[in-house]
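The structure appears right after this line, and notes come after that.
Values in this document were obtained by computation on a predicted structure and should not be read as measured data.
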Amino acid sequence: MGDWKRTHYCGQLTADDIGKDVCLMGWVQRRRDHGGLIFIDLRDREGFAQLALDPDRDPEAHMKADKVRNEFVVAVQGKVSPRPEGTVNPKMKTGEVEVEVHELRVLNTAKTPPFMVEDYVDVAENTRLKYRYLDLRRPSIQQNIVLRHKITRSAREYFDGEGFVEIETPFLTKSTPEGARDYLVPSRVNPGTFYALPQSPQIFKQILMVAGYDRYMQIVKCFRDEDLRADRQPEFTQIDCEMSFVDRDDVLRIMEGMIAKVFKETIGVDVALPMPRITYAEALSRFGVDNPDLRFDMELVDISDTARECGFKVFADAVAWGGVVKGMNLKGGSSLSRKELDDLTDFVKIYGAKGLAWAKLTPDGWQSPIAKFFKPEELERINHLLQAETGDVLVFVADSFRVANDALGRLRVHLGHKLGLIEKDSYAFTWVTDFPLLEWDGEMRRHVAVHHPFTAPMDEDVPLLDADPGKVRAKAYDLVLNGSEIGGGSIRIHDKAVQSRMFDLLGIDEDEARIKFGFLLDALEFGAPPHGGIAFGLDRLAMILTGSDSIRDVIAFPKTQKATCLMSEAPGPVDEKQLKELSIRLATRPKQ
RNA sequence: GGGGCUGUAGUAGAGUCGGUUACAACGCCGGCCUGUCACGCCGGAGGUCGCGGGUUCAAGUCCCGUCAGCCCCGCCA
């Protein structure tokens, strides 16, 4: 670079800069050699600038430009000038100007990249991940990463203004029962023992409340050793909060404000407050899932009462065995072909449904393989319940409450996309409240916490803890955006007796509770304030705000579905010496 | 653990019914070109058809296995 100092970003040059002497530094996007004149598109974080190298004006710079190739790192000094009449490029932000280069320095050469560093090239994901540093140079990914920064900046600003204190909690901590599989870290100093990387800072943030910090927040990595999905990585980031002396409504109100500020400051969208709320029970009943996508209608309708008496054995039996029959009206869906309807049947089978009954509403009534099993008045009643009109398609699942809701709920979202019911750039928020506290686990033959073991039951349901634990509702809440759970939290138990009762119900005996998180139980006995909090999934929030289909597009260095990093080749084998220091012997040799 | 999709020059693709030397595009290399901007024109190089096995006179193509990437189920308090 010599003594050169960059004066401008490439992407920020405008007509206002005409006449200025500038120094730019960046990467060569493309070189266009006209025999005489050479043009170079120079790229940096902020965009592109066209460099013009004229052999008559600056022969030495022109000669150097002749040797320049894609992705070379180049510095230039020159004058910003208006482009000649007729050569303005309206497609380019800096298309009105160019830099007349007087001097050019090649700061570094580059091998020919394995793929073009451009937005529109379609490259296999494994190639992108192996050369992640090149992929990250692409403008669209850079915009995602910068937008992610804006999210955390806005959130921190907001929380600071609301009196929150950012406090770090340990990564080397203790394995806790319940929840996801832990990532373990062996302790060298204490042979045979392990730290666990936190699945969330849950216990520590509660202890910070006991410690009197009152309002805590942290933007923090969490680790869960579970299988990956398009929106799930083994290490991910939470915007984590906890507050003392608050009830549920306090938490929701303050958190809505944060989300609204983030939306305004990242993508300029005004979020209407307060956000709508729906109970867990209502969400399940109307949408089949606890993360309803409210960008479109097409609600589920329970027709069990009609199905119970009907002549179609599949429906009647399902109800007789304690299940339900639910249906959905695909408004104007008669354009769906027989093949497409069959595909929908395959779709619901993924979620355990045994089949999907369907009926097309023609001017003559039901056109359906199952029409013959129903009396006219039964069809009439079902049509009425589903508000069916000519041109609609009705679909039904008869199964257990869980399977019918799950299958139709997922089908609803599938069809919402397939039938184009979702308006682009729309953001439908809802709080989901009143989750059940506990869920019966048939395999483990005991209750498990729906949220986590520190979630408080609703006051009016506390008596049910003994009578009917499965019926107890929790002071828990999720924030759902466009059908994606972007945050979840609860008011916590701050009373040792209730906490002990909870462990009891979870089949965690006192000794085990003491070993696993006795320190929290101890802390609860030293003046724990009423408290509660929430954690937002930063990655999912960033996905939605950037319109990304994959979580990998909003994480600088993501992992593959097998939880490997193709760039660093982690995880990898370690030296025998390292293992010995850690008192570890391998039962399995790593695959070569 | 299970289901599905994909894998062919550096990149992303075509490759018919199993049949001659595996195509054209972008990129790359060389040459020409003074207003392009996905510059243009001419020429050239570049292949372990993911890997292993099988069927066959003959396999990119068919079969079996395996590996990798992606999507999903299970899992993810």
Side-chain angles (χ1 to χ4, degrees), chain A residues 29-42 48-57 62 69-71 81 83-92 94-95 98 100 111-131 134 176-182 199-200 202-203 222-234 236 346-353 406-407 410 414 435-439 441 443 447-455 474 476 485 488-490 502 506 508 535 537 549-550 552 559-562 564 566 591-592:
Chain A
Q29 179 68 31
R30 192 170 262 112
R31 192 182 65 112
R32 289 180 295 279
D33 184 347
H34 288 252
L37 209 55
I38 292 175
F39 295 105
I40 290 173
D41 292 335
L42 196 66
F48 303 92
Q50 175 166 285
L51 312 178
L53 293 110
D54 187 330
D56 302 333
R57 195 182 56 227
H62 180 269
R69 292 294 178 270
N70 284 352
E71 301 308 318
S81 57
R83 294 200 189 176
E85 183 124 18
T87 64
V88 166
N89 184 349
K91 283 186 287 188
M92 234 173 132
T94 60
E98 64 189 12
E100 280 178 19
K111 296 208 291 189
T112 300
F115 54 87
M116 294 289 283
V117 179
E118 292 169 335
D119 278 342
Y120 54 84
V121 292
D122 188 19
V123 186
E125 187 117 14
N126 50 358
T127 310
R128 289 176 54 194
L129 291 174
K130 179 171 178 191
Y131 302 95
L134 297 179
T176 53
E178 304 281 305
R181 205 172 288 115
D182 286 317
Q199 297 176 24
S200 82
Q202 184 60 36
I203 294 174
C222 302
F223 307 86
R224 295 179 188 173
D225 186 5
E226 298 293 348
D227 289 336
L228 289 81
R229 287 288 185 280
D231 63 352
R232 245 162 53 189
Q233 285 269 308
F236 60 99
D346 291 338
F347 182 86
V348 296
K349 282 180 177 166
I350 296 171
Y351 304 98
D406 198 33
R410 307 277 200 139
H414 176 70
F435 280 80
L437 184 68
L438 301 161
E439 190 175 41
D441 186 317
E443 200 176 312
H447 285 100
V448 295
V450 168
H451 192 54
H452 58 55
F454 318 110
T455 298
E485 183 205 321
S490 63
M502 184 72 177
L506 295 173
I508 302 172
D549 292 325
S550 166
R552 295 180 298 281
K559 293 192 168 49
T560 68
Q561 195 161 50
K562 286 191 71 184
T564 66
L566 295 180
K591 267 189 288 193
Q592 285 309 314

Using a heavy-atom cut-off of 4.0 Å across all strands, would you classify A:P114 as base, sugar-phosphate, or nothing? sugar-phosphate
Distance between C1' atoms of B:rG47 and B:rC32 (Å, rounded): 30 Å
Applying the Watson-Crick and G-U wobble criteria at under 3.5 Å, what pairs with B:rC5? Answer none if nothing qualifies. B:rG69
If you define the side chain from C-beta out and look only at heavy atoms, does anything of A:L228 sit under 4.5 Å from A:Q233? yes
Using a 4.0 Å heavy-atom cut-off, does A:R69 contact any base of the nucleic acid, only the sugar-phosphate backbone, or nothing at all? sugar-phosphate
Which whole-number value in Å describes the distance from A:F115 CZ to B:rA25 C1'? 19 Å
Under 4.0 angstrom, heavy atoms only, what part of the nucleic acid is A:T87 near: base, sugar-phosphate, or nothing? base
Can you tell me how far P in B:rG27 sits from the matching atom in B:rU11, rounded to whole Å? 15 Å
Of all the choices, B:rA38, B:rG74, B:rC28, which nucleotide is nearest to the side chain of A:T112 once you look at every atom? B:rC28
Just checking A:T564: base, sugar-phosphate only, or nothing, at a heavy-atom cut-off of under 4.0 Å? sugar-phosphate
P-based separation of B:rA59 from B:rG3 [nearest Å]: 30 Å
Side chain proximity check, A:R57 to A:H62, heavy atoms < 4.5 angstrom: no
At under 4.0 Å between heavy atoms, what does A:Q561 touch on the DNA or RNA strands: base, sugar-phosphate, or nothing? base
Would you confirm whether A:R181, through its side chain, and A:D225, through its main-chain N or O, come within 3.5 Å as a donor-acceptor pair? yes
Mind checking if A:D225 touches a base, just sugar-phosphate, or nothing, with heavy atoms under 4.0 Å? nothing
Any donor and acceptor pair, going by atom type alone, linking the side chain of A:R83 with main-chain N or O of A:G95 inside 3.5 Å? yes
Closest of B:rC76, B:rG35, B:rA68 to the A:R83 side chain is B:rG35
Look at the side chain of A:R224 and the base of B:rC76, then say whether one donor and one acceptor between them are separated by less than 3.5 Å. no
The residue, A:D549 or A:T127, whose nearest nucleotide of RNA chain B is more 5′ is A:T127
For the residue pair A:L53 and A:I40, establish whether any side-chain heavy-atom pair is separated by less than 4.5 Å. yes
OP1 or OP2 of B:rG40 less than 4.0 angstrom from a side-chain nitrogen or oxygen of A:R32, does that happen here? no
Once hydrogens and angles are ignored, does a donor-acceptor distance under 3.5 Å link the base of B:rC75 to the side chain of A:R232? yes
Can you check the A:Q50 CD to B:rC37 C1' distance for me, whole Å? 6 Å
Taking the side chain of A:T560 as heavy atoms from C-beta outward, which of B:rA12, B:rG69, B:rC33 is closest to it? B:rG69
As its Watson-Crick or G-U partner within any shown strand, both distances under 3.5 Å, B:rG74 has none
For a quick check of understanding: with a heavy-atom distance under 4.0 Å over all strands, which category does A:D122 fall into, base, sugar-phosphate or nothing? sugar-phosphate
How many whole angstroms separate atom CD of A:E71 from atom P of B:rG27? 14 Å
Check every strand shown and say whether A:E98 touches a base, only sugar-phosphate, or nothing at a heavy-atom separation below 4.0 Å. base
How far, in whole Å, is B:rG19 from B:rU61 if one measures between their P atoms? 11 Å
On a whole-Å scale, what distance lies between the P atoms belonging to B:rU6 and B:rA14? 10 Å
Taking the side chain as every heavy atom from C-beta outward, state whether A:E125 and A:L566 have any atom pair closer than 4.5 Å. no
Could you check whether A:T455 gets within reach of a base, just the sugar-phosphate, or nothing at all, counting any heavy atom under 4.0 Å? nothing
Using the P atom in both, what is the distance from B:rC62 to B:rC17, to the nearest Å? 10 Å
Using only atom types and a distance under 3.5 Å, with no angle test, would you say the side chain of A:Q199 pairs donor to acceptor with the backbone of A:C222? no
What's the CE-P distance between A:M116 and B:rC26, to the nearest Å? 12 Å
Would you classify A:R552 as touching base, sugar-phosphate or nothing, given that sugar-phosphate means primed atoms plus P, OP1 and OP2, and contacts are heavy atoms under 4.0 Å? sugar-phosphate
When both hydrogen-bonding distances must be under 3.5 Å and the geometry is Watson-Crick or G-U wobble, what is B:rU11 paired with, if anything? B:rA25
Are A:M502 and A:L437 packed together at the side-chain level, in the sense that at least one heavy-atom pair is separated by less than 4.5 angstrom? yes
Rounded P spacing from B:rC33 to B:rC49 in Å: 41 Å
Atom CG of A:N126 and atom C1' of B:rG10 are separated, to the nearest Å, by 14 Å
note: A:R31, atom CZ; B:rG40, atom P; distance rounded to Å ~ 14 Å
Can you figure out which of B:rC76, B:rG69, B:rC73 approaches the side chain of A:E226 most closely? B:rC76
From the list B:rG69, B:rC73, B:rU34, which nucleotide is the closest neighbour of the side chain of A:H34? B:rU34
Can you find a donor-acceptor N/O pair under 3.5 angstrom joining the side chain of A:R128 to the base of B:rG69? no
C1' spacing across the pair B:rC67 / B:rG50, given as an integer number of angstrom: 7 Å
Base, sugar-phosphate, or nothing for A:Y351, non-hydrogen atoms under 4.0 angstrom? sugar-phosphate
Pick the nucleotide of RNA chain B nearest each of A:D33 and A:D231; which residue has the one closer to the 5' end? A:D33
When rounded to whole Å, the CZ to C1' distance for the pair A:F48 and B:rU36 reads 16 Å
Counting only side-chain nitrogens and oxygens, does A:K349 get under 4.0 Å of the OP1 or OP2 atom of B:rC73? no
Would you mind classifying the nucleic acid contact of A:V448 as base, sugar-phosphate or nothing, using non-hydrogen atoms under 4.0 angstrom? nothing
In whole angstroms, the gap separating C1' of B:rG35 from CZ of A:F39 amounts to 4 Å
For A:A49, does its backbone N or O pair with a side-chain atom of A:Q29 as donor and acceptor, under 3.5 Å? no
